[in-house]
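Notes follow the structure.
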Amino acid sequence: MIGVELHKMVRDRRTWVTIGLLDALPTLVAILLAVTDLGPRPGTGPAFLSAVLADGKLFPLAAIAIVLPLFMPAAVAVVAGDAIAGEAQSGTLRYVLVRPVGRTRLLVAKLVSVVSFVLLAVLVVAATAYITGSLLLGNQSIAATTTSVSGTALSTQELAGRTGLALVYAILSMLGVAAIALFLSTVTESPLAAALGTLAVLIASTLLLTLDAATSLHPYLPTRYWLSFVDLFRDPILWRNVGRGAGLQAAYVAVFLAAAWANFTTKDVTD
Amino acid sequence: MIKTQGLTKRFGRIVAVDKLDLDVREGDIYGFLGANGSGKTTTVRMLLGLVLATSGDIRVLDQPMPRSSRSVLPHVGALVEGPAAYRHLSGRANLAAFDAMAADGRRADRLRRVDAALEQVGLGAVDNRPLRAYSLGMRQRLGIAGALLRKPRLLVLDEPTNGLDPQGIREIRDLLLSLHAAGTTIFLSSHLLAEVEQLCTRVGVLAQGTLVIQQDLDTLQRPTGRTFVRTPDVAQVRSLLDGQVEVHDDDSLLIRVSDAAELNARLVEAGVRVHELSPERHTLEDVVLAATEAGNGRRADS
Amino acid sequence: MTPGRRWSCVVLALALLIGLPLIMRALPPRDSAIGASALLDRIDASRDSSYSGYVETLGTLQLPVTDRFVDVGELFGERTRMRVWWRDENAWRVDKILATGEVDLFHDGGGTTEWSYEQDRGKRTRDPDIRLPRTADLLPPELARRLIQEVSRDAVERIRVRRVAGVAAPGVRVRPGAAQSSIDHVDIWADPTSGLALRVDVIAKGDKTAALTSKFMTVSTETPDAETTIFRRPPGAEFVYDDTLDIADAANQYAPFRPPGSLAGLKRSPSAQRAVGIYGSGVTKLVAIPLWNKAAEPLREQLEATPGVQSVAEGDVLRVGPLGVLLTRIEGYGGGWLLTGTVTKSTLVRAARKLDARLAQYVVTVGPR
């Protein structure tokens, strides 16, 4: 079943259109930066963007920082929201279930497919950004080192390792979104409703993060630690928030998958 | 093959299916009749484990459902409420995907199985265009091909001839008859009396969630005890069989005699010219309407 | 399994997931038998200990700030997250963690280097006695050390133990003795073995919640690696030296004033020998900074636009939580004294009146700049 799902995802034109759209924004930013040579003022804009004019090797990170707060979760919400609800809407769900595919097995296969999509999307964005970054932006490889956020020098090797970690963290951050969307996808029969519901949760979370009155809720909000991948570029690495972010995403995945399982396995399929 | 006891489904306060006792025997072509909204589809979904019953037992292939769906469903082919498939894949790729979903079936045989199923429903020559370019009839055929992939012992088909032209309907009917001849039990849910009458050996009628009839078709179509006669000599027949003629018009009569042969002999003896003579049988339509009305009446009384 | 049963499983798991940490946190830690003044002594004695950790401070004071005071305004008005590596007084590093960068202080015997990632710049300065507050001053151990200076031992009492950064930390409450103080009390929780202050809450008179909280989120009392606290200039980054650290340092060095030996009944601190006066001790502190015109006027405009500000004969006076701010007005001379500190409004006004009189003499002797 997992193989079938992966095959279906790769064959679906929508997958590639979504990834293409995801990729468009950082590429546009890279072109604009290269043409105008105007970086954001220090302290503004997404992480690392003010540094990429000098060091194009950082652009994959800047690209991730650009798409992570809105574009990436929106894409994941759409894809994961479609998982069950999309099959229900098109009527294929009943044929999958009488094939027979166990409901739990179907959920797992859908999750694997969504995770693969996230993986694919993050890697494509990072790879494109690496190419555009080294072609269009600053290429000061004279010293062969990059400055960490704490002002220490990072060798190219260290930078590559930490960038890899950051990509893994970005993928991890999207898993919570995927789990929420997957759960909503088992609740409603409209993929659009599932995706919008997920985005509503994320927007509410982002909003609550700006509110001091909600401080006690902050550690539980799904978007709380998303941008903590910056901590991987401090020296020494600040693991605290990265660890919490990973734990939080794991908790979200566990809770919402369990809810999706409880709901879906006992649900009447009446589409 | 299918046996339910007290099968009941409630959606909130609405009772969709009420204490259903279905009995489909091996070798039947079972016609499951009912108006739209009578609970047919809900019943079919419960048989397949898609909808969970509120109460009651279901046994399919002598195993409890939905608990044994893993061992039952591989032997069941189903078409539920119209066909459905992935729009971005071709028909062949769709069948291959559905075939690959279940753990049984050897991978090496997949293409052969898919081709055989397509051939059976008359889609053998189909090209590789994606499903969104298919006509309604082609989708219907593909849906049936999907149900046939695993050479099922039991076929559960919900309105299988929907969207087909007369030629297509005939082909599908022939296909079902040949499958039946090869030993497949068929559970056919339909609202088309004619379709059921032509195809089925046994009929169940659902009205507002309750099973009002479950009988062999032959039993339902038993003679009424009257004989139909068409003759130009109506007056002569009336005088000959005074008191036994129930209805008559210009050239036809209904006579309260059950033995058609004996009646024929008497008429010939009296020199009556007969165009046509046959024992009158109950029609499925009459039976179904009567039972449905009785069911409705019962419901209204209670 | 029925739907109901499945859902109860899920809800139970969720409740455990959220509830267990909450219960663990709510369980009262075991209190230590240490007395209030013994604990205070231990905190006092921990001055030389090394530590490292992650600190979060939360200031609730919305101070009127102009660009020369932005950092101070953020420090007292916002949430600040810091990482600290403290070997000793002459070897430490404090990183202010920002969402997309950081501003770090590296300190050694010769001075302090400030590294700002987003400006890609290091700035080296001396470490003057008189300066504006900076991140390192708000670390719980540093804050506690300042606040308990010269506190009389009978003004302290024990408060309930509290779990801070995983340590069951006994607490002590310090009340300022001076009537001029605007602070009701300061609560300090410290590691009972090392005496390291782990959390400090400052509560103003008339308030229930803390005006300023500083606490460790994680802490280690191991000596941090020496390499961590040394700043090495990254290749390609800008590096500058600066004679003056901030506006207080500049005023102290160059303003032609000598504030009086005492103000509003508070004695001048021996460390303040030049133009900036620091008065009082411990929790009750008053600072007088002479500002020249260019610095004073924007601040005055900002101050006058702040709700709650009061104009008195001596100048504009404002109270934000425990902090009082008064900027004096001097006819015929630009600039003015900025008086601020943890003192009451009337104390500020009294101090301003005395400065005014003295300033007049200096204007005569030194003349306007």
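So that the names make sense, note that chain A is the first sequence line, chain B the second, and so on, each numbered from 1.
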Side chain, backbone, both or neither: which part of [X] has a heavy atom under 4.5 Å from chain B?
X	value
Val4(A)	side chain
Val101(A)	side chain
Arg13(A)	side chain
Lys267(A)	backbone

Which portion of Leu79(B) sits near chain A, non-hydrogen atoms under 4.5 angstrom:
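Both the backbone and the side chain of Leu79(B) come within 4.5 Å of chain A.
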Using non-hydrogen atoms only, which part of Arg45(B) is less than 4.5 Å away from chain A: side chain, backbone, both, or neither?
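Contact with chain A: side chain only.
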Once you measure the plane-to-plane angle for Phe32(B) and Phe187(B), does it fall in the parallel (<30°), tilted (30-60°) or perpendicular (>60°) bin?
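Rings of Phe32(B) and Phe187(B): tilted, as their planes differ by 30° to 60°.
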Once you measure the plane-to-plane angle for Tyr252(A) and Phe256(A), does it fall in the parallel (<30°), tilted (30-60°) or perpendicular (>60°) bin?
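Parallel, since the angle between the ring planes stays under 30°.
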So, are Arg105(A) and Glu5(A) salt-bridged, with charged N and O less than 4.0 Å apart?
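Salt bridge absent between Arg105(A) and Glu5(A).
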Quick one: of Asp268(A), Val98(A), Leu97(A), Thr92(A), who has the most non-hydrogen atom pairs under 4.5 Å with chain B?
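Looking at each of Asp268(A), Val98(A), Leu97(A), Thr92(A) in turn, Asp268(A) comes out on top.
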Flag the one option from Leu93(A), Ile2(A), Val96(A), Leu106(A) with the top tally of heavy-atom pairs under 4.5 Å to chain B.
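Option with the greatest count: Val96(A).
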How far apart are the C-alpha atoms of Lys110(A) and Glu87(A), what are their side-chain angles, what is the distance that settles it, and do they pass the salt bridge (charged side-chain N to carboxylate O under 4.0 Å, His left out) test?
CA-CA 11 Å; Lys110(A) 289 292 182 186; Glu87(A) 299 255 5; 2.8 Å; yes
Would the Tyr95(A) and Tyr86(B) ring centres measure less than 6.0 Å apart?
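No: the rings miss the under 6.0 Å criterion.
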Between Thr210(B) and Asp18(B), is there a side-chain donor-acceptor contact under 3.5 Å, judged purely by atom types and distance?
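The criterion, which ignores hydrogens and geometry beyond distance, is not satisfied for Thr210(B) and Asp18(B).
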Which residue in the set Thr43(B), Leu7(B), Ile58(B) passes side chain to side chain contact (heavy atoms under 4.5 Å, CB included) when paired with Leu22(B)?
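Testing Leu22(B) for a side chain to side chain contact (heavy atoms under 4.5 Å, CB included) against Thr43(B), Leu7(B), Ile58(B) leaves exactly one candidate, Thr43(B).
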Of the listed residues (Val72(B), Leu52(B), Leu48(B)), which shares the most heavy-atom pairs with chain A below a 4.5 Å separation?
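Going by pairs under 4.5 Å, I would pick Leu52(B).
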